[in-house]
Structure formats: structure tokens, C-alpha cells
Amino acid sequence: MSGTDPLEGLVRPELLALADYNAGISLEKMRSELGLERVVKLDSNENPLSCSPRVAPAIAALQPGIFRYPDREELRLREMLSEDLGVASNQLAFTAGSEDLVSILFRMVLRPNDEVVTVIPAFGLYEICAQHASAMTRKIPFTADWRFPVEDIANALSKHPRVFVLCSPCNPVGVSITLDQFDQVLNAAHPDTLIVLDEAYGEFVKDSERGCLFERLKQHNGPWIALRTFSKAYGLAGLRIGYGITFHSALAEAIYKVRSPFNVSAPALAGAEAAYGDQSHVAATRDFVSRERQRVANALRDMGLPPAPSDGNFLFFDCGRPARTLAQRLRQKGVLIKAWTEAGYENHARVTIGNIEDNNSFLSALREALDGGAK
């Protein structure tokens, strides 16, 4: 070890140079920092209706056996999902959130200088996890009217990248790819490129379109995996559980070789089983978010801040000024949104659709912030 850096020569320098993930801020930190009892947290796309009321009793029932390790094979949840998804149970792989699965996948399949293709703006961990493996990321911008750049994606796929990641509805924009566009993308993909369909917000898509992309993906002649999570529509962000649906059981088996042996905790499993069994709560969440998303979008348009089309539980909008400045003004009022930091989108922010009171607080604070500061 030399110099004043305690990590010099110990940690790979390319990892030390990574940008920090732009995560949300905890309520505890904000209450302490601002001295406020009530903080409006709309920066992490959490469920405005919380989780199903069935979850707490299911977790409480674990207490007598909490000293034991969890079911490493997730048998009950695996059975519930495989039947509904129309796949073999051994095609499923469970991890501590779908973002954990991204990290595991990229460590498994990427080699130095491999290429990952995705769109921009995008979920930041795609690029960070690629950098962990010393791989490169090619990010293709959305069109000016927030449509997926299908022709540019197809051109990039013709170069045979190792991985293509498609998030739909896309985080942070919210737009969904159409089935025809998805067909074009899959038809352009090299048969050796791993297609990763991130459906973290898939439960928010309207009934007539929900699941269509996955059904098309199942017909793809090449390796693929669909990512799902219990953090969003199911309201279990604090429990950390997600899963992948793989094209072949061999990929799921390989994931279990790489992930830690008891990657999903017993409370997370119990909570997911209870939440998945209460689809009425998911439907209520979807309906509520749809109504409030439209109301908040209309209010943003009235303020001259039109958001991108969204099928998620969030809106992405142009602030007309540096988003960090606006977000900081809101933060001083106890309202948290996420200012975007990717190059070219620094004037954009993402706001979660919260409950009615929180949404009203956001809109009120936003009007005050816009009135109180120059662009």
C-alpha cells in the first residue's frame, strides 16, 4: 500500500473509479437532516398503497422457525409462479431483488471489452454492472418524442453485442415498447446475444398489453431472460426479492451457482408468497396509479413541464432548468424526487406517483419552487 489512499493497490482501480448509483434517500436521513416530521418521498418508485395486508401476518408466522435457514429452492413460490407463467419450475431463479439478478447475470456472461446495448436514459445499474466486468455499454437515445429507437437498436444488434437490455415500461422514462417494435428488435438480434427483458414495472401495464412481450420472448430463438420484482406493484421493496424467468433451466442453474447460497431470506419468501396470492391488491394499486399518474401529468403540463408518456408508477419530465437545482429546492420543503444525472438529461427529473396527499404536496411545492427561482 502506498500514498495516502488506503485502497490503492488493494481494490481494482477501475472499480474505484465507478460513479455511485443514484439511489433514493432514506426517510430517516431526511427527517434528521431537515428536522421535519413529515417527508414526501417520491424518489424511489415505491408502492403508494404499500403491500397487501396479508404480508405482515405471513412474516409474523415465521417467528418460531426464524433460526432456520430459508428454503433455498423457494419451492412454494416457484410452484405458484411457474403455473401462472406457463414455464417449467426449474426455469425460475430467485434473487435479492431483480437488480441483484442483473449483477449476477453480468458477472456470469460478460468478459472484458464485451458490449452491452441498452437505451438512454436508463436504469443506472446496467452500466455500473457492466463496468464491474470491464465491459462496455452502448446507450442509444430515445427519439425526441420518447419512442424506442427501434432502427438504431436493430443496427446495434447487428454488431453482435454480448447482451441487450430492454426495460419496458422503461425506467426512468416510463414508455413501453410495442409488440411490433419488440418483434423488430428480436428479429434483428444475433442468436448468441443474451436478451434481457426487464419488466420491473410490468404489472402497471394495462390489461390488454400485460404479458404480451413475455409471451413473444418465449418464442425467441436465442438465449433470453425476463426479470421481475416484488418491489414495485407488490410493495415489498424493503424485503428485497425478485426473480428471473430463463429460456432454459441450465441458465437458472448457473445463476444458483453464482448467487450466495441463501440469497433470498425467509421473510422475503413469505412476504412474496402472501403478496402474490393477493392479486386484488395489485389490481387496486394499478388502478390507483393510473388515475393519479394522469392527474399529476396534467398538472405538470399546466406548469409547462410536460412529462414523457408513462406506463409505470412514475413520471419523467423536463424541468426546464438543471434538475438538481429544482430537486434541491423541493428537498428543502421536505419533498424528494430524483434528479437525473445521465449526460444529456440533466434537466430531467423522475417523480414517483405517491398517495393523493403526497402528490398534492409535491405539486404545491413544485409550484412554489418554480415561482421562487429563475431558470
Side-chain angles (χ1 to χ4, degrees), residues 22 24-25 27 30 36 38-50 121 123 142 145-147 167-176 200-207 209-210 231-235 237 281-340 345 347-373 375:
N22 184 19
I25 304 169
L27 285 172
M30 285 307 302
L36 298 175
R38 180 172 181 266
V39 174
V40 177
K41 184 170 170 53
L42 299 176
D43 60 344
S44 295
N45 295 349
E46 294 149 337
N47 190 318
L49 303 186
S50 186
F123 181 45
F142 277 91
D145 57 352
W146 296 118
R147 288 180 294 109
C167 184
S168 183
C170 173
N171 176 21
V173 177
V175 68
S176 296
Y201 301 92
E203 287 84 4
F204 294 103
V205 175
K206 59 186 178 183
D207 292 351
E209 298 177 5
R210 199 174 324 117
S231 296
K232 307 303 180 183
Y234 290 95
H281 182 78
V282 178
T285 297
R286 181 165 49 246
D287 292 345
F288 176 85
V289 165
S290 178
R291 292 192 304 270
E292 278 296 285
R293 185 179 61 215
Q294 187 61 54
R295 182 176 76 89
V296 174
N298 289 340
L300 288 172
R301 290 188 191 96
D302 290 343
M303 286 184 247
L305 308 175
S310 178
D311 290 323
N313 65 333
F314 52 88
L315 290 166
F316 191 65
F317 63 98
D318 188 338
C319 302
R321 68 211 72 208
R324 280 183 169 175
T325 301
L326 184 60
Q328 184 59 31
R329 289 183 189 144
L330 294 176
R331 181 170 172 164
Q332 296 305 313
K333 299 175 184 294
V335 176
L336 301 178
I337 66 171
K338 178 170 282 193
W340 215 250
Y345 298 92
N347 280 9
H348 290 74
R350 191 194 68 196
V351 60
T352 304
I353 300 303
N355 60 41
I356 293 174
E357 182 182 9
D358 285 352
N359 294 336
N360 288 341
S361 294
F362 159 66
L363 293 172
S364 176
L366 181 59
R367 290 187 186 98
E368 292 177 8
L370 293 173
D371 291 341
K375 291 187 178 182

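The structure displayed is predicted, hence computed values, not measured ones.
Residues Pro169 and Phe204 fail the side-chain proximity criterion, which asks for heavy atoms closer than 4.5 Å. Inter-residue side-chain proximity for Val335 and Leu366 is flagged as unmet; no heavy-atom pair is nearer than 4.5 Å. At least one side-chain heavy atom of Ile337 sits less than 4.5 Å from a side-chain heavy atom of Phe317. Side-chain contact between Lys232 and Asn45 is present, with heavy atoms from C-beta onward closer than 4.5 Å. The side-chain heavy atoms of Asn313 and Thr285, taken from C-beta on, include no pair separated by under 4.5 Å. Counting only heavy atoms from C-beta outward, the side chains of Arg301 and Pro307 approach each other to under 4.5 Å. Between Leu330 and Phe362, some side-chain heavy-atom pair lies under the 4.5 Å cut-off. Looking only at side-chain heavy atoms (C-beta outward), Leu49 and Val289 stay at 4.5 Å or farther from each other.
Closest approach of Thr352 to Ser44, counting heavy atoms only: OG1-N, 3.5 Å. Scanning both residues, Val173 and Phe314, for their nearest heavy atoms gives C-CE1, 3.8 Å. Residue Ala308 comes nearest to Trp146 through the heavy atom pair CB-CD1, 3.5 Å, listed as atom of the first residue, atom of the second, then distance. Closest of all the heavy-atom pairs between Arg210 and Glu203 is NE-O, 3.6 Å.
Scanning for salt bridge (charged side-chain N to carboxylate O under 4.0 Å, His left out) contacts around Arg291 gives an empty result, with sequence neighbours left out.
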For residues 353-360, which side-chain N or O atoms pair as donor and acceptor with protein atoms under 3.5 Å away, sequence neighbours left out?
{"residue": "Asn355", "atom": "OD1", "partner": "Glu357", "partner atom": "N", "Å": "3.2"}
{"residue": "Asn355", "atom": "OD1", "partner": "Asp358", "partner atom": "N", "Å": "2.7"}
{"residue": "Asp358", "atom": "OD1", "partner": "Arg38", "partner atom": "NH2", "Å": "2.6"}
{"residue": "Asn359", "atom": "OD1", "partner": "Gly354", "partner atom": "N", "Å": "2.8"}
{"residue": "Asn359", "atom": "ND2", "partner": "Glu292", "partner atom": "OE1", "Å": "2.7"}
{"residue": "Asn359", "atom": "ND2", "partner": "Gly354", "partner atom": "O", "Å": "2.9"}
{"residue": "Asn359", "atom": "ND2", "partner": "Asn355", "partner atom": "O", "Å": "3.2"}
{"residue": "Asn360", "atom": "OD1", "partner": "Arg295", "partner atom": "NH1", "Å": "2.8"}
{"residue": "Asn360", "atom": "OD1", "partner": "Arg295", "partner atom": "NH2", "Å": "2.9"}
{"residue": "Asn360", "atom": "ND2", "partner": "Ile356", "partner atom": "O", "Å": "3.4"}

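Taking NZ from Lys41 and CD from Glu46, the interatomic distance works out to 5.0 Å, rounded to the nearest 0.5 Å. Note that CE of Met303 and CG of Asn298 are 10.5 Å apart. Values are rounded to the nearest 0.5 Å. The NZ atom of Lys333 sits 9.5 Å away from the CZ atom of Arg329 when rounded to the nearest 0.5 Å. To the nearest 0.5 angstrom, Tyr345 atom OH is 14.5 Å from Cys319 atom SG. Between the CZ atom in Arg321 and the CG atom in Asn347 there is a gap of 9.0 Å [rounded to 0.5 Å]. To the nearest 0.5 Å, atoms CG (Asp302) and CZ (Arg367) are separated by 8.0 Å.
The closest donor-acceptor contact from the side chain of Arg293 to the backbone of Leu315 lies at 3.5 Å or more, if one exists at all. Side-chain N or O atoms of Arg350 include none that pairs as donor or acceptor with a backbone N or O of Trp340 at under 3.5 Å. Under a 3.5 Å cut-off, the side chain of Ser310 and the backbone N or O of Gly312 do form a donor-acceptor pair.
Using a 30° and 60° split on the angle between ring planes, His348 and Phe316 fall in the parallel class, below 30°.
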